[in-house]
Novice: 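Here's a structure for you.
In this text, all values refer to a predicted model and were calculated from it rather than measured experimentally.
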Protein chains: 2
Amino acid sequence: MKKKELQGVKEIARRANVAIATVDRVIHNRPGVSEKTREKINKIIAELNYQPNLLASRLASGKIITLGVLIPSVTEETDFWEAPLRGIQRAENEIRQYGIKVELFFFDLRDPGSFVAQANRLLEASVDGIVLAPAFIDEARKFATACQQARKPCIFIDSNLPDQPSLSYIGPPLFQSGYLAAKLCTYVLRDHSKLLVVNIATAMDSYTYKEIEEGFRTYFTDHRQHYPIIRADIHQTDFSSVARQLQEQFDANPSIDAVFVSNSRAFSVARFLESAGLPRKPLLIGYDFVSENTRYLASGLIDFLICHQPEDQGYRSIMTLYQFLVFSTPVAKDYYMPIDIVTRENQTFYRN
Amino acid sequence: MKKKELQGVKEIARRANVAIATVDRVIHNRPGVSEKTREKINKIIAELNYQPNLLASRLASGKIITLGVLIPSVTEETDFWEAPLRGIQRAENEIRQYGIKVELFFFDLRDPGSFVAQANRLLEASVDGIVLAPAFIDEARKFATACQQARKPCIFIDSNLPDQPSLSYIGPPLFQSGYLAAKLCTYVLRDHSKLLVVNIATAMDSYTYKEIEEGFRTYFTDHRQHYPIIRADIHQTDFSSVARQLQEQFDANPSIDAVFVSNSRAFSVARFLESAGLPRKPLLIGYDFVSENTRYLASGLIDFLICHQPEDQGYRSIMTLYQFLVFSTPVAKDYYMPIDIVTRENQTFYRN
DNA sequence: CTGAAAGCGCTTACAG
DNA sequence: CTGAAAGCGCTTACAG
């Protein structure tokens, strides 16, 4: 360990023959500096290739930056949001040192009202930036607009509101993940195979679902493979309803060789397959590394899970906001997560 | 943004009725403090649940921590090491602010002598921590021992030297990735299929290769699927040699339905397949998201690439060393990267 | 429009 | 064994 060579505002001030405070004004583009002085200082800054010492900056300013996070709470229904939360907290731990604080607001995925209530609380908390899971489209739109009016940068996570003002979207490329799922199906398809696309959800997120299914279908039209694609929209998520409706489909279409579940409820189909006693288990592809899914992945009933590193999404959303707020780092409008393929063989090493 | 409530050594000093310097001595366990004073101060530290401000600490000390990195240079043969280097540089950019410097030492993968020479230079550079790609086993062993004697923490990246002292290993789980490759093959295998395992390399890294191939074979024995597995060890890496030897194999074994290349040279097999005019293209699986491979992935000749996020390996190695040296964060002995499956359909979103 | 000075929470000589 | 003081590179009132 050796000593740093010294530098900084002091050196700039000396060379420009001005006070440090003036240099500071120029660096931060604050008013109250004559154009001439400003130019002189900027020239020196460029010459020196000056990089401000953020450590010193944050220490001296003593400000705390607060980030507000509005995401679903973990419920008995799904532990999906555990992962983003973990990532958010990991990020917070790393940057707490540097004066960043995270305030969490949870809403209930089954209750749009809770979203609105928490969104209002967040708005009043006077945070400096926002991470938002826009699960309820209309409500989220309103909230995003409010954020924009309050000039708070806002990052969408896990799903997007296209055409909505936001600093960035961090989440999966939906269409392409459906496209990939289709490709994976082809490894088991034969001449007279049929495909079954299943969506099991009480309501909403129709946007997400549509994108995925369109990607799925497009693969086959792109490759002129015209297997019949059957759809099952199951709105009651309890197992007996799911089982009943699946049974109907399989009775009507015995040659279903692949099942694609376009959200995280593949486990429900797996459970059905486990007990249905079909002559041949169809390929089963679903989404998300939630515990119920991974169990069936391990037991071989689910063949592929398509995943998008939700923990990293959470981590990245916080870090992006931090970099933007503190260092003014430019932010990509869309940050697409990779489309991960998780199987029984690689699941132990998967980092969700 | 609101003001932090104030705290710190000053408050401790006030309460203990001592000078700040004394508090500092206790915090850092430095000698020259009476037991009585030490206890008094420690008690107050505990009461206050005092957390030192690293920002201020690093700023005041003005020390620079230097990390030495010893990895292969990018050659015409392969651009694999571009990715870890990118990750290393990204990490450096993020923590340069905090007084960390990275010094790079490159060696030539074709020349063990260059490894030794650079290792010696690194040893003399008096760095505080080391990242090492132990490509040459014996030479790397010696170097690792020297690092240990010099009490420099050392992280292995991309491949491991088991039973060698190191702070951590960051890299792929080799056996398991071979196991996964085998599973992927099964989707195209039929009754009389044969498998071809190819290794194209001038020499060494036999350890890596063996682990992978063992994983590959174990899958089939685990599942009692006894397809004939043919091996091709190709030691001349120029295309005509590769093509000739592959042609021999395919002539002798027309029912090869899957080819597994256990290192990053699948592109060479792809090129062969492109011109060989086989009656049916076998499934082709290889390793690593290098540019030649991704081209053949896009054109459909390579079906799956197994990848281990080399950029992240580089990034993580630096960050781990940083956290360890600056914050004394505990470090996991082995950090296995996930086993990523990259196909034509998800390659655009892959983050190498 | 500009500058002198105090201070952020620590570390580091130096003096006693 | 202990303390007073300067300083790390910035920011922030405040004065002019």
Novice: Under 4.0 Å between any heavy atoms, over every strand shown, what does B:L55 touch: base, sugar-phosphate, or nothing? Just pick one.
Specialist: nothing

Novice: With nearest nucleotides of DNA chain D determined for B:V33 and B:A56 from heavy-atom distances, which residue corresponds to the more 5′ nucleotide?
Specialist: B:V33

Novice: Which donor-acceptor pairs under 3.5 Å do side chains of residues 82-90 of chain A form with protein atoms, sequence neighbours excluded?
Specialist:
unit_1	atom_1	unit_2	atom_2	d
A:R86	NE	A:E311	OE1	2.9
A:R86	NH2	A:E311	OE1	3.3
A:R90	NE	A:E311	OE2	3.0
A:R90	NH2	A:E311	OE2	3.3

Novice: Nearest of D:dT2, C:dG3, D:dC8 to any side-chain atom of A:A19?
Specialist: C:dG3

Novice: Just to confirm, is there a sub-4.0 Å distance from OP1 or OP2 of C:dT2 to any side-chain nitrogen or oxygen of A:S34?
Specialist: yes

Novice: So is A:R58 actually on top of A:Y322's ring, under 6.0 Å and inside 45° of the axis?
Specialist: no

Novice: Nearest nucleotide by nearest heavy atom, which residue falls closer to the 5' end of DNA chain D, A:R30 or B:T22?
Specialist: B:T22

Novice: Which of these nucleotides, D:dG9, C:dG9, D:dT12, is closest to any side-chain atom of B:A60?
Specialist: C:dG9

Novice: For B:P52, which contact category applies under a 4.0 Å heavy-atom criterion: base, sugar-phosphate, or nothing?
Specialist: sugar-phosphate

Novice: Does OP1 or OP2 of C:dT2 have a side-chain N or O of A:T37 closer than 4.0 Å?
Specialist: yes

Novice: Work out which heavy atom in B:A133 is nearest to a heavy atom in B:F107; give both atom names and the distance.
Specialist: O-CZ, 3.6 Å

Novice: Paired stems touching DNA chain D, three or more consecutive Watson-Crick or G-U pairs with both distances under 3.5 Å?
Specialist: C:1-3 with D:14-16, C:5-12 with D:5-12, C:14-16 with D:1-3

Novice: Tell whether A:R58 reaches the base of D:dG9 with its side chain through a donor-acceptor pair below 3.5 angstrom.
Specialist: no

Novice: Look at the side chain of B:S317 and the backbone N and O of B:I157, then say whether any donor-acceptor pair between them is shorter than 3.5 Å.
Specialist: no

Novice: Hey, which sits more toward the 5' end of DNA chain C by its nearest nucleotide, A:V18 or B:S57?
Specialist: A:V18

Novice: Name the nucleic acid region contacted by A:L54, choosing base, sugar-phosphate or nothing; use a 4.0 angstrom heavy-atom cut-off, strictly under.
Specialist: nothing

Novice: Looking at C:dT2, D:dG3, C:dC8, which one has an atom nearest to any side-chain atom of B:K10?
Specialist: C:dC8

Novice: How would you list, by chain and number, every residue that makes a side chain to side chain contact (heavy atoms under 4.5 Å, CB included) with B:V116, sequence neighbours excluded?
Specialist: B:N120, B:E139

Novice: Compare the minimum distances between each of C:dT2, D:dT2, D:dG9 and the side chain of B:L59, then state the nucleotide with the smallest one.
Specialist: D:dG9

